[in-house]
Number of protein chains: 2
Amino acid sequence: MSAKPDGNKGTDPDQGRKVLDNAPGAVWFRAGKTSRPRPQLSHERITATAVELLDRDGVRKLSMRRLAERLGAHATSLYWHVATKDDVLDLALDAVFAELDLPERHSASWQEDIEAFMTGLRSVLLRHPWAGALANSRPLMGPNALRCSEFAYTALTTGGFEGVHLSSAAATITHFVIGSASSEAVWQQRSDEVATRSAVDAHIRAHIDEYPTLAGHFPLLEEDDWDSHFHRGMRLLLAGLASPDAQERS
Amino acid sequence: MSAKPDGNKGTDPDQGRKVLDNAPGAVWFRAGKTSRPRPQLSHERITATAVELLDRDGVRKLSMRRLAERLGAHATSLYWHVATKDDVLDLALDAVFAELDLPERHSASWQEDIEAFMTGLRSVLLRHPWAGALANSRPLMGPNALRCSEFAYTALTTGGFEGVHLSSAAATITHFVIGSASSEAVWQQRSDEVATRSAVDAHIRAHIDEYPTLAGHFPLLEEDDWDSHFHRGMRLLLAGLASPDAQERS
DNA sequence: CTCGTTCTCCTACAGTGTTGGATTGCATCC
DNA sequence: GGATGCAATCCAACACTGTAGGAGAACGAG
């Protein structure tokens with residue numbers, strides 16, 4: 001029938017299912033009357049598979065067709081559960097925020113809470129290197145992202161922040177974590193490709209007269225001190241939060 | 001010959017140029033023997049036009065064909081000057097950094113320099129709303145971006161920062177500016193589309209039991225206080241930079 | 001004039017997001 | 001049982017994308 005060399009993969013899941021269901025003895029595999037073989041696609045499965053593919057191949061290689069193929073379905077079937085590809089990305093991004101498990105009850109010091117929030121958020125963003133850049137290009141309004149924000153807001157509230165100062169402090173914290181995580185992710189996947197680091201170093205040192213200060217301090221990023229790099233920035237932020245200016249003046 | 005309805009636009013720039021060049025009296029338009037009518041495409045023109053299109057239609061609508069059409073050329077001609085579309089984006093992004101004009105000589109107080117750097121960078125990023133998100137998804141290694149970094153580095157150096165603390169402070173500053181600018185850009189272009197803000201408010205207030213603190217403080221972003229929002233975060237950062245912890249401890 | 005260089009164009013390919021309608025599977029009611 | 005209705009999937013197609021290979025035009029040099 002279909003002359004197209006459609007089947008790249010030898011496994012056609014649909015046909016396979018049909019044959020199995022109608023074969024003699026297949027009753028035992030059907031697991032009872034009430035089990036419908038149909039609902040293979042669901043919000044959860046789509047989200048989970050999208051995260052899996054994003055982790056493996058990055059955000060540019062994620063297409064509806066690949067996602068559908070991985071799910072054993074066809075691309076257009078996704079559009080029954082999802083309005084557009086952006087929806088998939090939103091779902092996947094929010095699923096990342098779901099991985100950040102925050103303590104039910106806040107600890108004694110709000111600084112510790114904020115620190116736990118920042119390091120935790122950073123680690124889940126590094127676990128999914130595509131997430132950081134994505135979080136900067138769309139509003140974070142998923143339920144899990146809101147839950148994370150709520151945690152930071154309450155922690156800062158017990159720290160004495162109110163009104164506009166509260167939201168400014170929370171935003172500043174989030175921007176730092178997302179920015180540092182995404183830049184770390186970018187640099188690490190670039191250094192995987194080729195010896196980019198040495199090329200960058202050479203380029204900067206070639207124009208050492210234009211960027212004298214930069215040239216002297218840049219190779220520091222070569223060492224794998226991303227962790228301490230992040231912690232220094234975090235302490236800087238916490239020091240700013242501790243200063244009286246942050247809460248008093250307009 | 002070509003049955004294809006190829007010519008969507010009535011203006012075929014190539015034919016038009018040919019006719020003009022060979023028409024009688026066209027000498028006056030040719031501006032002398034040495035001027036070649038050929039070099040219409042150049043690095044600078046490509047970059048400038050890309051920025052223009054990005055400003056107008058956003059990053060998703062920028063395609064090589066549209067860019068080429070705007071330049072009066074064909075898409076594949078771009079690939080002589082540019083290896084890939086990412087190159088175009090890199091060039092455009094660096095052109096944005098070029099718009100940030102920094103004082104030749106640093107002012108008396110390094111805090112003022114840093115403040116000027118942050119507000120200036122923010123304003124150019126807001127002038128090109130696509131730039132913020134883009135800056136988070138690729139390394140900033142263009143000459144103009146490096147020049148900006150150099151400025152911040154030297155300012156922080158006179159502020160007493162050295163070695164790892166210097167780069168950490170600079171990175172923290174940059175992450176904040178880029179993050180806040182891109183989130184502002186995202187929210188402003190979303191609020192243009194539909195009445196998203198009220199929808200978001202309603203959604204949060206609907207789950208007010210899950211996000212009690214958030215629900216009370218979120219509508220603050222409805223007011224157009226993005227400027228003061230940014231300035232509060234900036235003061236918070238500057239307070240952190242002023243704290244002794246930032247430079248002393250490891 | 002020919003040659004080589006530089007730049008632009010044509011053709012083409014594989015792949016993209018997304019739409020409208022046809023088709024299947026299932027539950028329910030007559 | 002058969003018919004109806006709904007939910008979910010599939011099929012075919014469209015306009016469009018980034019990009020490769022090579023042909024072709026304009027130019028300067030020999």
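Just so we're on the same page: letters track the sequence lines, and every chain starts at 1.
Within 4.0 Å of Leu71(A), counting heavy atoms only, lies no atom of the nucleic acid at all. Using a 4.0 Å heavy-atom distance criterion, Ser63(B) is classed as a sugar-phosphate-only contact. Across all strands shown, Leu78(A) has no heavy atoms under 4.0 Å from either base or sugar-phosphate atoms. Within 4.0 Å (heavy atoms only), Arg66(B) reaches sugar-phosphate atoms of the nucleic acid but no base atom.
Side chain of Thr49(B) to main chain of Ile46(B): no donor-acceptor pair is present (N/O by atom type, distance under 3.5 Å, no hydrogens or angles).
With rounding to whole Å, Leu62(A) atom CG is found 14 Å from dG15(C) atom C1'. Between the NZ atom of Lys61(A) and the C1' atom of dG18(D) there is a distance of 13 Å, given to the nearest Å. Atom CE in Met64(A) sits about 15 Å away from atom C1' in dC10(D), given to the nearest Å. For the pair Tyr79(A) OH and dG20(C) P, the interatomic distance rounds to 13 Å; values are reported in whole Å. Atom pair Arg60(A):CZ and dT16(C):C1' shows a separation of 13 Å (rounding to whole Å applied). Per the geometry, CG belonging to Asp87(B) stands 13 Å off C1' belonging to dG18(D), to the nearest Å. Summarising the geometry, the separation between CG on Leu67(A) and P on dG15(C) is reported as 17 Å, rounded to the nearest angstrom.
Residue His81(B) has a polar side-chain atom (N or O) positioned under 4.0 Å from OP1 or OP2 of dT8(C). Applying the 4.0 Å criterion to OP1 and OP2 of dG17(C), one finds that Thr84(A) has every side-chain N and O outside that range. The side chain of Ser77(A) contributes an N or O atom lying less than 4.0 Å from OP1 or OP2 of dC10(D). The side chain of His74(B) contributes an N or O atom lying less than 4.0 Å from OP1 or OP2 of dC10(C). At the phosphate of dA8(D), OP1 or OP2 sits under 4.0 Å from a side-chain N or O atom of Trp80(A).
Checking dT17(D), dT19(D), dC10(D) against every side-chain atom of Gln40(A), the shortest atom distance belongs to dC10(D). Here the side chain of Lys85(B) is nearest to one of dT19(D), dA8(D), dC11(D), namely dT19(D).
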side-chain hydrogen bond (donor to acceptor under 3.5 Å, both in side chains) between His128(B) and Glu99(B), intermediate numbers included:
CA-CA 11 Å; His128(B) 309 283; Glu99(B) 289 185 18; 2.9 Å; yes
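A search for salt bridge (charged side-chain N to carboxylate O under 4.0 Å, His left out) contacts involving Asp90(A) returns Arg138(A), not counting sequence neighbours.
Relative ring orientation between Tyr211(B) and His207(B) is described as tilted, the plane-to-plane angle lying within the 30° to 60° band. Between Phe230(A) and Phe176(A), the two ring planes are parallel [angle under 30°; tilted spans 30° to 60°].
A donor-acceptor contact under 3.5 Å is not formed by the side chain of Arg65(A) with the base of dG15(C).
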